[in-house]
Amino acid sequence: MNARTMTSRPPLCIQMHEADNVAIVANDGGLPAGTTLPAGVTLVDAVPQAHKVALQDIAQGGVVRRYNVPIGYAIRAIPAGSWVHEKLLDMPDARSLEGLPIATVKPAALPPLTGYTFEGYRNADGSVGTRNILAITETVQCVAGVTEFAVQRIKAELLPKYPNVNDVVALAHTYGCGVAIDAPDAVIPIRTLRNISLNPNFGGEVMVVSLGCEKLQPERLLPPGSIPLVDERTQADTPLDVVCLQDEAHVGFMSMVDSVMRQAERHLQRLNQRRREPVPASELVVGVQCGGSDAFSGVTANPAVGFCTDLLVRAGATVMFSEVTEVRDGIDQLTARASTPEVAEAMIREMAWYDAYLQRGRVDRSANTTPGNKKGGLSNIVEKAMGSIVKSGSSPITGVISPGEKLQQKGLIYAATPASDFICGTLQVAAGMNLHVFTTGRGTPYGLAEVPVIKVATRDDLARRWHDLMDVNAGTIATGEKTIEDVGWEMFHLMLEVASGRKKTWAEHWKLRNALVLFNPAPVT
Ligand code: CA
């Protein structure tokens with residue numbers, strides 16, 4: 001490490017719990033060997049930013065403790081002041097799913113938070129959109145090229161006539177054919193696609209582009225009764241709006257494109273009638289997740305998200321947290337916080353299902369961590385999980401949904417999903433989120449076409465370099481300029497602005513759109 005990259009700030013270390021025997025170095029560029037920390041320990045190694053330093057001598061086999069949790073066991077003796085990196089640690093086994101504490105913690109009810117509103121689009125089914133988007137559902141990947149061609153023309157030729165519609169989006173995916181559609185787990189991708197079509201940001205206007213010969217036929221994707229009525233007078237007996245490319249009426253490519261455009265215009269006309277109206281903050285449905293995490297994630301951004309989660313729950317809103325492999329090592333904390341034994345049992349069921357799913361591929365939750373995570377100071381999945389789980393705040397967990405299911409209740413919900421950023425985001429879109437909050441330490445330019453994404457940087461340095469990609473800088477918590485509460489409130493206010501359409505996120509500004517990626521645990525053929 002080059003001395004010129006060292007910050008001029010005094011040495012800064014963050015210890016998460018008084019029982020911890022490691023702390024992380026907060027200074028940009030890390031700290032050189034020989035630095036004496038405020039705690040009195042002198043570094044024997046250079047320690048990179050976000051990496052751990054031993055605050056005391058740790059014997060061979062001794063516990064390395066962060067967040068007051070054993071994150072590993074020392075492979076050899078680690079003297080005080082040493083850099084404690086992943087190669088020095090043996091990872092603890094996963095917590096057994098037997099004998100967990102069930103609904104034992106009863107957090108004191110926080111006072112309701114009233115008076116906060118945003119400007120949203122009310123839907124016939126009672127949900128509220130934060131954007132007014134025409135989404136075109138696809139039954140199968142085969143139609144993606146034609147649909148995208150039509151979407152480009154709709155945007156150029158039709159959208160300007162309907163100024164109250166924000167966007168037109170093709171819901172492209174890789175499912176629909178060449179898959180074992182009757183396998184038990186196929187229910188996951190199918191219901192995911194169905195529920196994405198019904199996301200509140202699409203106003204109940206469902207139109208489908210189908211090939212014709214695919215396994216996922218339109219009526220299997222959206223059976224009668226699955227679409228809430230937009231308008232009882234016009235929609236009552238109206239069949240599903242499907243453009244079928246193999247229809248004999250289509251002669252030539254342009255006739256397909258014209259069909260898609262003609263049908264799209266009918267929906268644009270209705271969507272254009274929608275207006276924003278003041279709605280209580282309780283109509284927010286926020287999906288939280290992290291990606292490109294580092295050791296700051298659990299110190300700055302995720303605790304601030306956790307504080308904001310509690311604000312949202314107090315306001316009567318819905319918050320989903322997800323990412324099975326990133327909460328698996330904290331399952332005991334979650335089952336203890338479940339509001340009822342049924343909620344705890346549902347969480348255990350989701351974890352057991354995922355354990356078995358990983359086992360089929362001969363891996364376990366340790367397959368989660370990335371080279372970037374490790375470079376960012378996260379030694380293993382236990383340490384990563386402890387930092388990830390704090391996004392859920394401190395409220396009781398009142399519900400659990402399985403991958404691809406749609407939310408049926410408000411409050412703090414565990415939405416079981418893989419931790420993969422794209423798959424987690426896709427499943428949260430299906431669950432009905434109307435706002436997404438995404439924390440990152442290494443940095444990812446993630447964005448979605450369907451739902452606004454607020455991105456939160458865990459470090460000052462990232463927020464500075466990616467000044468036109470990150471919406472919130474939680475790095476100010478590590479430097480002491482702001483508190484977790486300050487940044488949590490900042491996020492809360494920003495959410496209301498973004499939800500109201502008064503402010504665009506950076507991902508919206510640049511139109512950064514990651515693909516929808518389905519979770520398909522069933523076989524392909
Ligand atoms: Ca993730």
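Hydrogens, waters and symmetry mates are skipped; everything else that's a heavy atom, side chains included, is used. Counting starts at 1 for both ligands and their atoms, following the listed order.
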Derivation and outcome, side chain to side chain donor-acceptor pair (under 3.5 Å), residues S402 and E350: CA-CA 7 Å; S402 298; E350 291 300 334; 2.5 Å; yes

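Comment: R513 engages D167 in a salt bridge, judged by a side-chain N to carboxylate O separation of less than 4.0 angstrom. Checked for salt-bridge contact, K52 and E383 meet the test: a charged N lies under 4.0 Å from a carboxylate O.
For D294 and T458, the side-chain atoms include at least one donor-acceptor pair closer than 3.5 Å. When only modelled atom types and interatomic distance are considered, S394 and D310 share a side-chain donor-acceptor pair under 3.5 Å.
Checking side-chain atoms of S322 against main-chain N and O of A415 turns up a donor-acceptor pair under 3.5 Å.
Inside a sphere of radius 3.0 Å centred on the Ca ion (ligand 1), the protein N/O/S atoms present are Q289 OE1, C290 O, E323 OE2, A419 O, D421 OD1.
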